[in-house]
Amino acid sequence: WRVVLKYANLDQFLKVASTYADFITSSFQDREISVYLQSIYKHVHAYVHSSAGDGHGGSGGSGDPQSAGTTRLLSDQQLGIVREILLHLFWHYKTVVGDLSPLFGLPALVHLTDLAFQNNSQKVEFAETLLRLLFQHKKQQQQQLTVADPIAQQFCLDMAQLVSDSIAADINSSWVHASPSSRARQVGRN
């Protein structure tokens, strides 16, 4: 893993890091998982806060005062890899550990989530997928996930609020842009 940490190119680093996700969660404890997640956060943070002209995506900028306060967005591919890593960690703590509390004890989790999913549609898509992963139960599953940790509860509530707000916005948008004879307006009058 120390060799992987030296990768300056975010694309290369994330590809290798994603292959380590299953190995680290199945072979190591929370301390090593924390180091793994923290290193992903550091690489993503360096990329997001580097200048666009910095080809390798490492830390630092070009020194250009105009680029001092700007941030870069992750590409769809990079975002997809980070998303899969995070979802794998949530899946691991749900199914193997049976408790999300240790996951929320990892300092980089919430920071990485906030940093990676910068626009609202990305956040909503992640929230929908995460809530489905955590709380949609299959018939063969006997045990339900209990979220007792206050930080985990707040995170799940925030994810649910994102999805709820998105649905409300879609409904309001369709209501405003609907024709007077639309089904939504007809139902609303009754």
Side-chain angles (χ1 to χ4, degrees), residues 14 17-18 20-22 24-26 28-45 47-49 71-177 184 187-188:
L14 288 175
S18 69
Y20 270 80
D22 189 46
I24 287 178
T25 55
S26 64
F28 297 102
Q29 299 297 320
D30 294 338
R31 182 179 175 278
E32 290 82 11
I33 294 171
S34 179
V35 168
Y36 168 74
L37 194 59
Q38 185 67 30
S39 64
I40 294 170
Y41 171 73
K42 285 180 181 178
H43 274 75
V44 170
H45 184 271
Y47 175 83
V48 166
H49 294 294
T71 58
R72 294 172 23 177
L73 295 177
L74 297 178
S75 70
D76 289 341
Q77 181 182 7
Q78 293 165 338
L79 189 64
I81 294 171
V82 170
R83 180 178 174 269
E84 290 306 314
I85 290 170
L86 289 171
L87 290 174
H88 177 78
L89 290 173
F90 276 100
W91 175 85
H92 171 76
Y93 279 91
K94 174 191 174 188
T95 58
V96 176
V97 179
D99 184 13
L100 295 179
S101 300
L103 180 60
F104 283 94
L106 307 179
L109 176 72
V110 176
H111 297 303
L112 180 59
T113 304
D114 290 341
L115 184 63
F117 306 104
Q118 291 186 359
N119 72 40
N120 197 43
S121 65
Q122 293 170 342
K123 288 178 186 178
V124 169
E125 182 183 339
F126 177 72
E128 287 174 340
T129 306
L130 178 61
L131 292 173
R132 194 174 307 114
L133 171 81
L134 293 177
F135 300 109
Q136 188 175 40
H137 300 288
K138 309 247 186 296
K139 291 183 180 183
Q140 66 267 21
Q141 282 182 327
Q142 297 294 328
Q143 183 181 6
Q144 292 185 354
L145 176 67
T146 303
V147 182
D149 180 64
I151 296 172
Q153 288 175 344
Q154 186 61 48
F155 185 83
C156 291
L157 287 171
D158 289 345
M159 293 291 112
Q161 185 67 48
L162 274 171
V163 174
S164 175
D165 290 348
S166 174
I167 292 170
D170 287 348
I171 290 171
N172 290 337
S173 175
S174 68
W175 179 264
V176 169
H177 297 295
V187 170

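All figures in this text were calculated on a predicted structure; none of them were measured in a lab. The figures that follow rest on heavy atoms only: side chains count, while hydrogens, waters and symmetry mates do not.
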Could you tell me whether a side-chain N or O of [X] sits under 3.5 Å from a main-chain N or O of [Y], the two making a donor and an acceptor?
X	Y	answer
Q122	Q118	yes
E32	Q29	yes
S164	A160	no

Do the ring planes of H88 and H92 sit parallel (below 30°), tilted (30 to 60°) or perpendicular (above 60°)?
-> parallel
With rounding to the nearest 0.5 Å, note down the distance linking [atom1] in [X] to [atom2] in [Y].
X	Y	atom1	atom2	result
Y47	T71	OH	OG1	11.0 Å
D170	D165	CG	CG	11.0 Å
T25	I85	OG1	CD1	11.0 Å
L103	L109	CG	CG	4.5 Å
W91	L133	CH2	CG	9.5 Å
E128	I167	CD	CD1	6.5 Å

Given side chain to side chain contact (heavy atoms under 4.5 Å, CB included), test F28 with V35 step by step and report yes or no.
-> CA-CA 11 Å; F28 297 102; V35 168; over 6 Å; no
Does the ring centre of Y20 sit less than 6.0 Å away from the ring centre of Y36?
-> no
Quick check on side chain to side chain contact (heavy atoms under 4.5 Å, CB included): which of [options] does [X] satisfy it with?
X	options	value
F126	L162, L131, L86	L86
L74	R72, Q77, Q78	Q78
L100	L134, I151, D149	L134

Answer yes or no: are there more than 12 heavy-atom neighbours, outside [X] itself, under 6.0 Å from its atom [atom1]?
X	atom1	result
H111	NE2	no
D114	CG	yes
L87	CG	yes

Mind listing the closest non-hydrogen atom pair of [X] and [Y] along with its distance?
X	Y	answer
A116	V82	CB-CG1, 3.8 Å
L106	S34	CD2-CB, 3.4 Å
V163	V124	CG2-O, 4.3 Å

So do V147 and F135 actually touch side chain to side chain, heavy atoms under 4.5 Å?
-> yes
L14 vs H43 side-chain heavy atoms within contact, under 4.5 Å | no
Going through the distances and angles, do Y93 and D30 end up as a side chain to side chain contact (heavy atoms under 4.5 Å, CB included)?
-> CA-CA 10 Å; Y93 279 91; D30 294 338; 2.5 Å; yes
